[in-house]
Amino acid sequence: MSQKYGDGCPFSSESAADGNLTYNDYLKVPELLNLQTPQSEPAHHDELLFIIIHQSYELWFKLILHELENAISYMAKDKVLRAHHFVNRVVQIQKLLVSQIHILETMSPVEFLEFRDRLMPASGFQSTQFREVEFIAGIKDERYLSFFKDRPELMKKLRKRFDGKDLRLAYYEMLNRLGFSFPKEATDLQKENESLELQEKVIHAIKPIYEEPDSNPHLPLFLLSESLLEFDQYLGLWREHHVRVVERVIGFKKGSGGSSGVGYLKSTTSKKAFPALWLLRTYLEKRSD
Ligand code: HEM
């Protein structure tokens, strides 16, 4: 008997005829394709690109939060490799997010200006999920909550994320439980950033993991530490690529959210969730034979 096209595919048209689940129903494709509403009138050709690129980022942010919550709960159970597995998945997504921003460079500066006014005062500052990604990483700056003061439901969501467990805390608490002890105040990012002495105490505690990554139980911790550093690296790279694209498209014009634009964005590129993991490299030496 010849094989029919679609045999074995869970979304084959045969299932649809049976009243079973179809691809479009399962993924809600018609609903999804109905969610792009240009503000320009008549709709500017490039606004669809602008909307779709932002919507795709928001979908990926949703998944990133989902995966990082999982990584945190594995760290709370000292399941180091499982946590690494999910952080690494996030890193693969981030690689896509860094390159995706450049699609916007196919839009000329004047073309963007032709519909930019219609978007005011909407701004990336109002991306609740981006801020949640920072908060879940441990980069917590309360001042950003003010952008949501008129939206109590979003404020509540963000406040919960602000007060909730983050990657940094989960990682540091796990290391302490596993015998790599350092002062508790190091879990506070601001304190760690402000004190070289504190950073050095963390580095001193976790340096053995980097000096002897192959020895047990270091290898899983080495892999997790490197994936956390990579997460930090790609978040920073996204910021750098975003600011370059912004400069290319709007130059030094002010941001729609009221910031100075490029100047403000440049100031965020040095943000890190794991400064000690970065600094640690400076303190390493080659192994003796
Ligand atoms: C032509 C394209 C873009 C321009 C001109 C642009 C411009 C800007 C500017 C000027 C800011 C500073 C805040 C303000 O005053 O509004 C900003 C922030 C932001 N943008 Fe964009 N942006 C673009 C594309 C994107 C895309 C595709 C995303 C994807 C999610 C994005 C997400 C964000 C986020 C999350 C912030 C807040 C960053 C922070 O506070 O650290 N932007 N953008």
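These numbers were taken from a predicted model, which means no experiment stands behind them. Atoms within each ligand, like the ligands themselves, are counted from 1 in listed order.
Using a 4.0 Å cut-off between a side-chain N of Lys or Arg and a carboxylate O of Asp or Glu, Lys140 and Glu142 do not qualify as a salt bridge. A salt bridge is absent between Lys191 and Glu185: the closest approach of a Lys/Arg side-chain nitrogen to an acidic carboxylate oxygen does not fall below 4.0 angstrom. Salt-bridge check for Glu212 with Lys207: failed, with every basic side-chain N at 4.0 Å or more from each acidic carboxylate O.
Contact record, His242 with Leu265: CE1-CD1, 3.6 Å, taken as the closest heavy-atom pair.
Heavy-atom contacts of Ser123 reach the following atoms of ligand 1: 13 (C), 14 (C), 16 (O) (cutoff under 4.0 Å). Ligand-side atoms of ligand 1 in range of Gly258: 15 (O), range being under 4.0 angstrom from any heavy atom. Listed by number with element, the atoms of ligand 1 under 4.0 angstrom from any heavy atom of Gly257 are 14 (C), 15 (O), 16 (O). Applying the 4.0 Å criterion to heavy atoms of Arg131 picks out, from ligand 1, the atoms 37 (C), 39 (C), 40 (O), 41 (O). For ligand 1, the atoms closer than 4.0 angstrom to any heavy atom of Ser256 are 15 (O), 16 (O). Numbered from 1 in the order shown, with element, the atoms of ligand 1 that lie under 4.0 Å from a heavy atom of Tyr57 read 27 (C), 29 (C), 30 (C).
Checking Val246, Leu265, Thr268 against atom 7 (C) of ligand 1, the nearest heavy atom belongs to Val246. Nearest to atom 40 (O) of ligand 1 by heavy atom, out of Phe50, Phe252, Tyr264, Trp238, is Tyr264. When the heavy-atom distances from atom 2 (C) of ligand 1 to Leu104, Leu235, Thr128 are ranked, the shortest goes to Leu104.
In this structure, Arg161 is not positioned above the aromatic face of Phe135 in the sense of NZ or CZ being under 6.0 Å from the six-membered ring centre and within 45° of the axis. For the pair Arg159 and Phe162, the cation-pi criterion (under 6.0 Å, within 45° of the ring axis) is fulfilled. The cationic group of Lys77 lies under 6.0 Å from the six-membered ring centre of Tyr74 and within 45° of the ring axis, placing it in a cation-pi geometry.
Checking only distances, Glu134 never comes within under 3.5 Å of ligand 1, N or O to N or O.
Contact annotation for Ile101 and ligand 1: only side-chain heavy atoms (C-beta onward) come within less than 4.0 Å of the ligand. Contacts with ligand 1 closer than 4.0 Å are made by no heavy atom of Gln55, backbone or side chain. Contacts between Glu58 and ligand 1, counted as non-hydrogen atom pairs separated by less than 4.0 Å, are absent for every part of the residue.
The distance from the CG atom of Asp141 to the OH atom of Tyr144 is 5.5 Å, given to the nearest 0.5 Å.
The nearest heavy-atom contact from the protein to atom 10 (C) of ligand 1 is Gly255 CA, 3.5 Å. Among all non-hydrogen protein atoms, the one lying nearest atom 12 (C) of ligand 1 is Ser259 OG, 3.4 Å. Scanning all protein heavy atoms for the shortest distance to atom 24 (C) of ligand 1 gives His54 NE2, 3.7 Å. With respect to atom 38 (C) of ligand 1, the closest heavy atom belonging to the protein is Phe130 CE2, 3.9 Å. Nearest non-hydrogen protein atom to atom 20 (N) of ligand 1 is His242 NE2, 3.0 Å.
For Glu247, the side-chain contact (heavy atoms from CB on, under 4.5 Å) criterion is met by Arg244, Phe252, Val262, Lys266, not counting sequence neighbours.
Between Phe130 and Tyr57, the gap from one ring centroid to the other reaches at least 6.0 Å.
With Glu134 as the fixed residue, the salt bridge (charged side-chain N to carboxylate O under 4.0 Å, His left out) test singles out one of Arg143, Lys271, Arg168: Lys271.
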